[in-house]
Protein chains: 2
Amino acid sequence: MTRQRAAILQVLRSDKCHHTAEEIFDLAKEILPTISRATVYNNLKALEDEMLIRRIVTEEGGARYDSSYIPHGHLFCSECGGIFDFTIPEFHKAIEGAADCVVDSYELKIRGVCSACRKNA
Amino acid sequence: MTRQRAAILQVLRSDKCHHTAEEIFDLAKEILPTISRATVYNNLKALEDEMLIRRIVTEEGGARYDSSYIPHGHLFCSECGGIFDFTIPEFHKAIEGAADCVVDSYELKIRGVCSACRKNA
DNA sequence: TAATAAATCTAGAAACATTCTAAAATGTGA
DNA sequence: TCACATTTTAGAATGTTTCTAGATTTATTA
């Protein structure tokens with residue numbers, strides 16, 4: 001656990017956003033001004049291997065990082081641009097039946113309108 | 001509908017693979033040797049806007065193209081590397097309830113072992 | 001058919017996110 | 001402290017996708 005890795009974890013856990021690598025780099029620089037991009041990428045990869053964070057890929061192809069590794073769904077709101085977490089109970093079993101497979105992990109992305117934006121409309 | 005676009009659609013519909021843009025470019029070149037990369041990308045984007053094909057992004061961040069636009073799940077087999085389609089009946093309603101949202105589209109990616117690989121093991 | 005306009009294509013340059021490389025810095029155990 | 005392994009840094013390199021400018025094709029009208 002180096003200072004650099006601690007700074008990256010601190011950034012990830014400071015709020016509930018799902019940041020891009022570049023955003024994490026910028027925020028980590030506020031803590032450690034000399035940190036380099038490669039260090040951010042290396043540590044994000046290491047943290048994902050250690051199952052401490054999860055990398056999620058948006059529909060556009062860019063990566064974002066989730067401070068939790070536990071599999072859950074992500075709602076990408078088309079109104080506010082927010083990314084919201086949710087879980088479906090018994091989801092593993094449902095998709096194992098539908099896909100006829102043993103599920104190691106899953107990533108469910110929804111494009112839609114979140115309840116807050118729906119109420120404001 | 002130009003010859004180029006027809007060639008790209010022909011490649012996409014010739015088999016059940018989920019090709020990358022580069023693979024589609026190479027295969028389209030066998031039909032139209034002078035076709036350019038930008039044409040392939042432009043047409044893939046146009047075809048997705050027209051809801052004739054669907055772009056899916058892998059866990060690694062690379063894009064692959066599905067010859068069907070109808071939303072369905074994708075199983076990425078960790079043994080054979082194949083990408084397999086599947087559907088879950090009533091899935092829209094289930095995730096709308098769990099995520100408290102109105103679903104426009106979804107993309108469900110599973111990492112696991114397909115039934116064929118499971119039988120061979 | 002000829003002239004014109006609009007859309008599309010091509011080739012290569014540019015942009016972007018990510019990975020690699022080699023050297024410098026840091027941490028660890030004897 | 002010394003040697004060794006690990007990590008970091010800065011910038012170059014890579015791979016994918018987009019942009020650009022000019023050429024080609026297609027469609028339209030006379």
Side-chain angles (χ1 to χ4, degrees), chain A residues 1-12 17-67 74 76 81 83 107 109 111, chain B residues 1-12 17-67 74 76 81 83 107 109 111:
Chain A
M1 177 62 66
T2 62
R3 284 175 303 134
Q4 286 81 0
R5 175 171 302 196
I8 291 165
L9 269 178
Q10 184 184 325
V11 167
L12 281 162
C17 290
H18 298 77
H19 291 296
T20 63
E22 194 67 20
E23 286 164 0
I24 295 165
F25 175 50
D26 289 338
L27 292 165
K29 266 196 294 197
E30 293 176 10
I31 302 169
L32 287 174
T34 65
I35 198 169
S36 86
R37 220 178 293 268
T39 299
V40 172
Y41 278 99
N42 288 342
N43 275 293
L44 288 172
K45 191 163 291 181
L47 288 166
E48 210 205 347
D49 288 345
E50 292 162 21
M51 300 186 175
L52 291 173
I53 66 173
R54 185 177 286 275
R55 171 190 162 97
I56 59 179
V57 180
T58 69
E59 244 173 66
E60 293 75 35
R64 289 179 174 272
Y65 292 86
D66 193 318
S67 58
H74 290 106
F76 294 75
I83 304 177
E107 163 68 5
K109 291 196 298 253
R111 181 71 56 176
Chain B
M1 175 61 66
T2 61
R3 284 175 303 133
Q4 288 81 357
R5 174 170 304 198
I8 291 165
L9 270 178
Q10 184 183 326
V11 167
L12 281 162
C17 290
H18 298 78
H19 291 295
T20 64
E22 193 67 22
E23 285 165 359
I24 295 165
F25 174 51
D26 288 339
L27 291 165
K29 267 197 296 196
E30 292 177 9
I31 302 168
L32 286 174
T34 66
I35 198 169
S36 86
R37 220 178 294 267
T39 300
V40 172
Y41 278 97
N42 288 342
N43 275 293
L44 288 173
K45 190 163 292 180
L47 288 166
E48 208 202 351
D49 289 344
E50 292 162 22
M51 301 187 175
L52 290 173
I53 65 173
R54 184 177 287 275
R55 171 190 163 97
I56 59 179
V57 180
T58 69
E59 246 173 66
E60 293 75 35
R64 288 179 174 271
Y65 292 86
D66 193 318
S67 58
H74 291 108
F76 294 75
I83 304 176
E107 164 66 7
K109 290 196 298 251
R111 181 71 56 174

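Keep in mind that this is a model prediction, so the values were computed, not measured. We name chains A, B, ... by the order of the sequence lines, and we start the count at 1 in each one.
Between E59(A) and K109(A) the shortest heavy-atom distance is N-CE, 4.3 Å.
By the 4.0 Å N-to-carboxylate-O rule, E22(B) lies close enough to R37(B) to be salt-bridged with it.
Closest to the A21(B) side chain, of the nucleotides dC9(C), dT18(C), dT17(D), is dT17(D).
Panel note: side chain E23(A), backbone T20(A); a donor-acceptor pair is recorded below 3.5 Å.
Considering CD of E50(B) and CG of N43(B), their distance stands at 8.5 Å, rounded to 0.5 Å. Taken to the nearest 0.5 Å, the CD1 atom of I35(A) stands 8.5 Å off from the CD1 atom of I31(A). Atom NE2 of H18(B) is separated from atom OG1 of T58(B) by 12.5 Å, given to the nearest 0.5 angstrom.
Taking 4.0 angstrom as the limit, K45(A) places none of its side-chain polar atoms (N or O) nearer than this to OP1 or OP2 of dT18(C). Note on Q4(B): every side-chain N or O is 4.0 Å or more away from OP1 and OP2 of dT25(D).
The separation between I24(B) atom CD1 and dT17(D) atom P is 10 Å, rounded to whole Å. For the pair L44(B) CG and dT16(D) P, the computed distance is 14 Å after rounding to whole Å. Rounded to whole Å, the distance from CZ on R5(A) to P on dT7(D) is 7 Å. Atom-to-atom, NZ of K29(B) to C1' of dC9(C) comes out at 15 Å; the value is rounded to the nearest Å. In this entry the distance linking CG of N43(A) with P of dT26(C) reads 16 Å, nearest Å. Rounded to whole angstrom, the span from the NE2 atom of H19(A) across to the P atom of dA17(C) amounts to 16 Å. One interatomic measurement links the two molecules: CE of M1(A) to P of dT6(D), which rounds to 17 Å at whole-angstrom precision.
A heavy-atom distance below 4.0 Å to DNA chain C is reached by these residues of residues 32-42 of chain B, ordered by number: T34(B), I35(B), S36(B), A38(B), T39(B).
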> Are R55(B) and D66(B) close enough, and set up right, to give a side-chain contact (heavy atoms from CB on, under 4.5 Å), and what steps lead you there?
Replying inline: CA-CA 6 Å; R55(B) 171 190 163 97; D66(B) 193 318; over 6 Å; no

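Sequence order on DNA chain D of the closest nucleotides to R3(B) and R55(B) puts R55(B) first from the 5' end.
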